[in-house]
Amino acid sequence: MAVALPSCLPPLFAVLLTAIPAMEDGQVELHLEDLPVERALSADSTGWQTVHALRVAPASGPVWMRTRVRVPEREPGDPRPALTLGVLAAWEAWWDGVPLGRNGQPGATADSEVPGRVDVLLPLSPEGATPGTHILTLRLSSHHLGFQPVGILHEARVGDAAVLARARLQSLLPALCTLGALVLMGLHHLVLAASGPRRTTALLLGLACLAAAALVLLEGWRGVYAYVYPLQIVRLRLLLAAVLAVSLLLPAALASAFDTPGRRWLVSGLSGGLFAISWMPGFDARGLAALVLCLAVSLGLALGAVRQRKPGARGVLACVLFAGVLLVRDPGNFQGRGFFIAFGVLLLAVSVVHARQVRLQEERLSQALRATERLQLDLLSRSLQPHFLMNTLAALTETVETAPTRAVHFIETLGEVYRHLVGMSGARTVALSRELELCRAYLALMSFRQGARFELDVRGAPDLDATVPPALFHTLLENAFSHNRYVQPATFRIEGERTPGRRGYRLVAPRGAGEARAVMGEGTGTRYVTARLEEAFPGAWRLEAGPHEEGWTTRVEVPE
């Protein structure tokens, strides 16, 4: 290939041009000794070795590097070109043997070195700006790196200073365009998560958006502000932390949004995989591996949601596939370019799915509130129904005649039951301790009525401060007495149960006389229980009932 020589090039450097590799070809010459300046700028090629430009990674230094750099042709009147250098080192530069400038101060030790900035733009002299090929020589040291990079030379180009600066900003444009949207989405989801209980999906989405926004800022940091090169290791570590955070939070948000079974185990396994990746060599390799694992897990979650016909699953699947195509097309630049578009769209799709879920949840809550308002009146009227009052008053009349003192306790117990019912009927939830007080008062009242002692046995040391819907167990006890005839003393049992993130209660009602059982039908009591559970724990409760060796068991499970 013919080499265009500038007319002002010294004869010595005209000779060197035939031997020194060109930056255009991705090649430089490296000398690992700290040569005298005169020898480093001479035609002596002893000790110089050709290496790939992106593999220049000397140990500390000072060392010397030289390469051919082309100054492009330009039209008359165009501004004089400048040289942009991106090197993780302190360096001194010569252009065709003439001092060009310095960035920091190379030194033989860390104490004697003054760190330079990662990116520098140097104006060329009129002679040095002559179109053609020139020789760039650098003396550099990098005692403050803090890690062993693949290469410290990132860029060496000549061009219009304004064009070079604009090209750098244009490379950041896709990332910067998503920054504001990611921050706003993140804050929106965090506010949503703080506004109500059980907003796990909103919390995960908010954190994922803010982690992606941090990644945008860290990617754009170098293009916006040329920091000193020792901060490169800080930036790379923060970048890796942001990538790992996004790679964990996005699949976790997907699993929560689609209510994936076993998502705790899935997130634990993903965390283990990302932890293993964090020990891989090379920051770029670790970041790419984390994003590949994130997309693979997200693809599996989206496919599972599509098979289960979850709302919005097809849109999320399309976004995951779009991100995968961008990754396959340009894996080397995906983290710095394609990631922000792909993950911005993907986070938006998951946000749409979550917004739809929130709307459906609010509709279910509204329906439950309306049903509860009706059933509160039904419950009170049921407790005041003529049959119940007639039986209670008949028993009270007989007790007044035979045992006046006991009748006073009977009346007090009846009043206590109704005080509890009236006091908690308008509440959304009450403490378990208040609910148990109502149950014991009701059983005491039924003991007076039936002439047999009924007791409540609480086992499993349940948290008495935990909340439950009002009159939950009281209604279940009423069902038991409605469907059974108790003529002998009996003990009703409530057992507390706990699993990770959940708490459960089992009410065991003993068998009564005859064939009746404490079945869960579709009457007012059952409708009241289900409506109250839906109001307090929308879509997150379970109610089961079935025969037990001692009678009938009703099991209620709610979130912690």
Side-chain angles (χ1 to χ4, degrees), residues 375 378-379 382-396 398-399 406 409-410 413-414 416-417 420-421 432-433 435-462 464 468-498 503-533 541-558:
L375 291 167
D378 290 343
L379 181 67
R382 184 180 180 217
S383 299
L384 294 171
Q385 60 182 303
H387 186 266
F388 176 84
L389 283 178
M390 286 176 59
N391 289 341
T392 302
L393 292 175
L396 180 59
E398 182 180 348
T399 307
R406 187 166 178 267
H409 293 303
F410 193 164
T413 302
L414 179 62
E416 184 179 357
V417 169
H420 280 298
L421 285 173
L432 178 61
S433 57
E435 177 68 18
L436 295 179
E437 289 174 3
L438 171 60
C439 292
R440 290 191 172 98
Y442 177 75
L443 290 177
L445 176 63
M446 298 307 294
S447 298
F448 280 116
R449 274 189 49 179
Q450 303 296 103
R453 186 175 182 80
F454 303 122
E455 296 182 335
L456 182 66
D457 180 14
V458 180
R459 300 183 181 180
L464 297 181
V468 294
L472 174 71
F473 297 115
H474 167 263
T475 305
L476 296 176
L477 288 175
E478 280 193 329
N479 275 353
F481 278 95
S482 297
H483 294 88
N484 290 272
R485 187 164 59 91
Y486 293 107
V487 295
Q488 298 293 330
T491 299
F492 295 81
R493 191 167 70 246
I494 293 180
E495 300 174 353
E497 302 172 346
R498 283 189 180 274
R503 53 190 168 96
Y505 305 96
R506 287 202 318 152
L507 173 63
V508 181
R511 287 192 182 91
E515 299 295 327
R517 298 183 303 168
V519 296
M520 287 291 293
E522 295 296 329
T524 302
T526 303
R527 294 201 309 273
Y528 175 82
V529 169
T530 56
R532 278 297 202 176
L533 286 171
W541 55 273
R542 293 180 61 188
L543 179 65
E544 301 172 345
H548 186 267
E549 59 183 6
E550 301 176 22
W552 191 263
T553 297
T554 305
R555 185 175 185 275
V556 178
E557 184 180 295
V558 295

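All values below come from the heavy atoms of this structure, side chains included, with hydrogens, waters and symmetry mates left out. Positions are given from 1, in the same order as the sequence printed here.
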Donor-acceptor pair, side chain of Thr553 and main chain of Val508, under 3.5 angstrom: no

Distance, nearest 0.5 Å, that separates NE2 of His474 from CG of Leu436: 13.0 Å

Residues forming a side chain to side chain contact (heavy atoms under 4.5 Å, CB included) with Glu455, sequence neighbours excluded: Arg453, Thr491

Stepwise side-chain contact (heavy atoms from CB on, under 4.5 Å) test for Phe473 and Tyr442: CA-CA 11 Å; Phe473 297 115; Tyr442 177 75; over 6 Å; no

Phe454 side chain reached by Pro489 side chain, heavy atoms, under 4.5 Å: no

Derivation of the side-chain contact (heavy atoms from CB on, under 4.5 Å) call for Val556 and Leu507: CA-CA 8 Å; Val556 178; Leu507 173 63; over 6 Å; no

Rounded distance [0.5 Å steps], CG in Leu456 versus CD1 in Ile494: 4.5 Å

CA sep, side-chain torsions, deciding dist, call: Tyr505, Val468, side-chain contact (heavy atoms from CB on, under 4.5 Å): CA-CA 10 Å; Tyr505 305 96; Val468 294; 4.0 Å; yes

Closest non-hydrogen atom pair between Phe492 and Ala480, with its separation: CE2-CB, 4.1 Å

Side chain to side chain donor-acceptor pair (under 3.5 Å) involving Arg440 - partner list, sequence neighbours excluded: none

With Arg498 via side chain to side chain donor-acceptor pair (under 3.5 Å) - residues at least two apart: Glu560

Side-chain donor or acceptor of Gln488 paired with backbone N/O of Ala452 under 3.5 Å: no

Heavy-atom closest contact (Ala509 atom, Tyr486 atom, distance): CB-OH, 4.2 Å

Whether Glu497 side chain and Arg506 backbone form a donor-acceptor pair below 3.5 Å: no

Distance-minimising heavy-atom pair for Gly496 and Pro462: CA-CB, 4.3 Å

